[in-house]
Amino acid sequence: MRNDVKTRHSYRTVSVPRSVISALTEHLKDRSAAPDSFVFPAPGGNPMVPMSREQFYKVAWRPAVKAAELPAGTRLHDLRHTYASALIAAGKDPKTVAIRLGDTVGVTMSTYAHLFPEEDEDTRVVVGDFLVRALNVPSGAGAPSSP
């Protein structure tokens, strides 16, 4: 079994809601308390041996998708996209989203740029206010010109 990770950013702390901690606590209540044990161990009871990908999908993922009444084809990776989309919808900046995903800002923006709001009006006002303060430009200078 390989324990290699995709990138150096794969090792990170991910903040989760208390409800997730509660669900994991319930899931693990009859399991080994060893810090290196797996959340989804292989069948046979040894908590130090992980489930294979195929076992995970059959034993854990597909039943969870069905119980949550999600579409049958829902992939584990779809949760990643949902997480990123929720962060963006809540107004989190690209750097924060990238860090949480273990990506670079470039990768995050190439995947999720369409979800970030357009801020043309806001940027116009910011530049206009800057010019007023920095260059003593009259305050009406930031207004759009008429056609």
Side-chain angles (χ1 to χ4, degrees), residues 1-135 137 141-144:
M1 181 187 79
R2 291 179 54 125
N3 286 324
D4 297 341
V5 293
K6 190 173 175 181
T7 72
R8 65 183 173 88
H9 299 291
S10 295
Y11 288 105
R12 62 191 177 279
T13 299
V14 178
S15 300
V16 296
R18 293 207 183 280
S19 59
V20 172
I21 300 299
S22 295
L24 280 172
T25 300
E26 180 65 23
H27 175 75
L28 298 172
K29 72 180 180 187
D30 298 325
R31 306 273 175 104
S32 167
D36 292 339
S37 62
F38 287 92
V39 173
F40 297 100
N46 184 346
M48 305 309 283
V49 177
M51 249 184 217
S52 70
R53 179 182 220 168
E54 293 78 19
Q55 289 168 331
F56 174 78
Y57 271 89
K58 182 179 179 182
V59 174
W61 181 250
R62 287 187 191 120
V65 166
K66 186 174 182 176
E69 298 179 359
L70 296 173
T74 300
R75 303 164 303 146
L76 187 58
H77 201 74
D78 293 331
L79 295 182
R80 176 183 174 86
H81 292 307
T82 300
Y83 178 63
S85 299
L87 292 177
I88 294 165
K92 298 303 174 191
D93 62 275
K95 182 179 178 185
T96 299
V97 176
I99 289 169
R100 294 295 176 253
L101 295 175
D103 280 340
T104 64
V105 172
V107 168
T108 298
M109 290 305 291
S110 70
T111 306
Y112 300 105
H114 66 286
L115 298 179
F116 285 92
E118 295 290 329
E119 298 190 32
D120 287 342
E121 177 64 18
D122 184 54
T123 56
R124 183 188 61 76
V125 170
V126 167
V127 171
D129 291 348
F130 168 78
L131 292 174
V132 168
R133 287 188 316 275
L135 304 174
V137 173

Open item on the list: Tell me every residue that passes side-chain contact (heavy atoms from CB on, under 4.5 Å) with Ala60, counting only those two or more places apart in sequence or in another chain.
Closed with: Phe40, Phe56

Task: Shortest non-hydrogen contact from Tyr57 toward Pro63 - done: O-CD, 4.1 Å

- [ ] Applying side-chain hydrogen bond (donor to acceptor under 3.5 Å, both in side chains), name anything that partners His27, two or more places apart in sequence or on another chain.
- [x] none

Open item on the list: Measuring from atom OG1 of Thr108 to atom CG of Leu115, what distance do you get when rounded to the nearest 0.5 angstrom?
Closed with: 11.5 Å

Task: Contact check, side chains of Thr111 and Arg80, non-hydrogen atoms, under 4.5 Å - done: no

Task: Counterpart residues, ring-ring contact (aromatic ring centres under 6.0 Å, His included), relative to His114 (two or more places apart) - done: none

Task: Trp61 side, atom CH2; Leu79 side, atom CG - distance, nearest 0.5 Å - done: 4.0 Å

- [ ] Report the residues that fulfil side-chain contact (heavy atoms from CB on, under 4.5 Å) with Val127, sequence neighbours left out, ordered by chain and then residue number.
- [x] Leu131

Task: Test side-chain hydrogen bond (donor to acceptor under 3.5 Å, both in side chains) applied to Thr96 - qualifying residues, sequence neighbours left out - done: Asp93

TODO: Using side-chain contact (heavy atoms from CB on, under 4.5 Å) as the criterion, list what pairs up with Pro71, not counting sequence neighbours.
DONE: Thr74

TODO: Mind listing the closest non-hydrogen atom pair of Thr104 and Val107 along with its distance?
DONE: OG1-N, 3.1 Å

Open item on the list: Once rounded to the nearest 0.5 Å, what's the spacing between atom CG of Asp103 and atom NZ of Lys95?
Closed with: 14.5 Å

Task: Qualifying residues under side-chain contact (heavy atoms from CB on, under 4.5 Å), relative to Tyr83, sequence neighbours excluded - done: Val14, Leu87, Arg100, Leu101

Task: Listed once per pair and sorted, the salt bridge (Lys or Arg N to Asp or Glu O under 4.0 Å) pairs that draw on residues 18-27, sequence neighbours left out - done: Glu26-Lys29

Open item on the list: Per the salt bridge (Lys or Arg N to Asp or Glu O under 4.0 Å) rule, what does the pair list look like for residues 52-76, sequence neighbours excluded?
Closed with: Arg75-Asp78

Open item on the list: Do Val97 and Pro94 make a side-chain contact, defined as non-hydrogen atoms from C-beta onward lying under 4.5 Å apart?
Closed with: no

